[in-house]
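The model shown is predicted, which means the values in this text are computed figures rather than measured ones. Sequence positions, counted from 1, serve as the residue numbers for this chain.
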Amino acid sequence: MGIDVGGTGIKGALVDVSRGVLVSDRVRVPTPQPSLPTDVVDVIKDIVEEFELEGAVGVGFPSVLVDGVVSTANNIDGAWIGVNVRDLISDALGRKVVVVNDADAAAIAEVRFGAARNLRGKVLVLTFGTGIGSGLVVDGCLVPNLELGQIEYKGVRPAELRYSARGREDEGITWENWGDEISGFIEFVSAVINPDLVVLGGGAAKEWDRFAHRIPEHLGVVQAQLLNNAGIVGGALLVAD
């Protein structure tokens, strides 16, 4: 089972890890506001208990994680800082839990079964949703906790305040103009990372046809194949691994 904890929603489903596809309905519950640890864990527990599943659960979490401990809280309540999210969820569920940064989980899924399947070299997965998540995989190996949404771009720091999908909505930017704006952001980060492929995922990936024509071809950007389920699939793959 994979769980994807986001700033606005917590999603979970059963995954066939041999094919990278959901094999149950996806359950989504709004993220509690404020997103305090006990409240978020209660939601995760409720989601897991909807499925008849024994064994470990993989969780994608919107934070830099060091040995399961939360060290940033950009899109989740600051009360999480210093909390061992792995142990907290494991104790609540009474089973083993594997945790990883949510964008890292999405990157693992897209490289294994999605838009970057079987591709060597550097793959950068950018998830545009409540914030901007970023996962980097080099020759199949994850480089964890890359937080490109936190950089300064065109005077905005963190950049995700304007260039995320939520930023687009908050600023009243049209999808076409947003396509122009994220093109600049992607070009900026690509000049440093030099990826062989950029995979655009997160909630915005569902609206691909509304902005993709504004992204220059030379940037090498493709739509995520697993769309907004990549985090769930990636979490489950980590359990299987």
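Under the 4.5 Å side-chain heavy-atom criterion for grouping Ile, Leu, Val, Met, Phe, Trp and Tyr, Val59 is connected to Val29 within one hydrophobic cluster. Note on Phe61 and Ile47: same hydrophobic cluster, where clusters join Ile, Leu, Val, Met, Phe, Trp and Tyr whose side-chain heavy atoms are under 4.5 Å apart, directly or indirectly.
Side-chain contact between Val85 and Leu65 is present, with heavy atoms from C-beta onward closer than 4.5 Å. Looking only at side-chain heavy atoms (C-beta outward), Thr127 and Ile132 stay at 4.5 Å or farther from each other. The shortest side-chain heavy-atom distance between Ile3 and Ile10 falls under the 4.5 Å cut-off. A heavy-atom distance below 4.5 Å is found between the side chains of Leu88 and Trp80. Between Val123 and Pro195, the closest side-chain pair of non-hydrogen atoms is not below 4.5 Å. In this structure the side chain of Glu110 reaches within 4.5 angstrom of the side chain of Gln225, judged on heavy atoms. Taking the side chain as every heavy atom from C-beta outward, Val48 and Met1 approach each other to under 4.5 Å. Lys96 places a side-chain heavy atom less than 4.5 Å from the side chain of Val98.
For CD of Glu169, the number of neighbouring non-hydrogen atoms (other residues, nucleotides, ligands) closer than 6.0 Å is 12 at most. Surrounding CG of Asp139 are more than 12 heavy atoms belonging to other residues, nucleotides or ligands, all under 6.0 Å away.
In plain terms, the two heavy atoms of Ile76 and Pro62 that are nearest each other are CD1-CG, 4.1 Å. Residue Leu200 comes nearest to Ala205 through the heavy atom pair O-CB, 3.6 Å, listed as atom of the first residue, atom of the second, then distance. For the pair Ala73 and Gly78, the tightest heavy-atom approach, listed with the atom from each and the gap, is CB-CA, 3.9 Å. Scanning all heavy atoms of the two residues, the minimum distance from Ile173 to Glu181 falls at CD1-OE1, 3.8 Å. Closest approach of Ser134 and Ala103 over heavy atoms only: N-CB, 3.2 Å. The two residues Ala107 and Val137 make their nearest non-hydrogen contact at CB-CG2, 4.0 Å.
In this structure, the side chain of Ser164 does not engage the main chain of Gly131 through any donor-acceptor pair within 3.5 Å.
Among residues two or more places apart in sequence or in another chain, the side chain to side chain donor-acceptor pair (under 3.5 Å) test is passed with Thr174 by Asn177.
Between Asp67 and Arg86 there is a salt bridge, with a side-chain nitrogen of the basic residue lying less than 4.0 Å from a carboxylate oxygen of the acidic one. Looking at Arg214 and Asp180, a side-chain N of the basic residue comes within less than 4.0 Å of a carboxylate O on the acidic one, giving a salt bridge. The pair Arg162-Glu171 meets the salt-bridge criterion, with a side-chain N (NZ, NE, NH1 or NH2) lying under 4.0 Å from an Asp/Glu carboxylate O.
One distance of note links OG of Ser90 with CZ of Arg95; it measures 9.5 Å at 0.5 Å rounding.
Ring geometry, Phe211 versus Trp175: the interplanar angle falls under 30°, so the pair is classed parallel (tilted spans 30 to 60°).
Counting only residues at least two apart or on different chains, the salt bridge (charged side-chain N to carboxylate O under 4.0 Å, His left out) pairs with a member in residues 1-24 are Asp4-Lys11, Asp16-Arg19.
Tyr163 has its ring centre no less than 6.0 Å from the ring centre of Trp178.
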### Query
Between Arg112 and Asp241, does a salt bridge (charged side-chain N to carboxylate O under 4.0 Å, His left out) hold up when you go through it step by step?
CA-CA 12 Å; Arg112 194 83 62 88; Asp241 290 345; 2.8 Å; yes
### Message
Please determine whether side chain to side chain donor-acceptor pair (under 3.5 Å) holds for the pair Asn74 and Glu160, giving the CA-CA distance in whole Å, both sets of side-chain angles, and the decisive distance to 0.1 Å.
### Response
CA-CA 10 Å; Asn74 303 310; Glu160 65 183 15; 5.2 Å; no
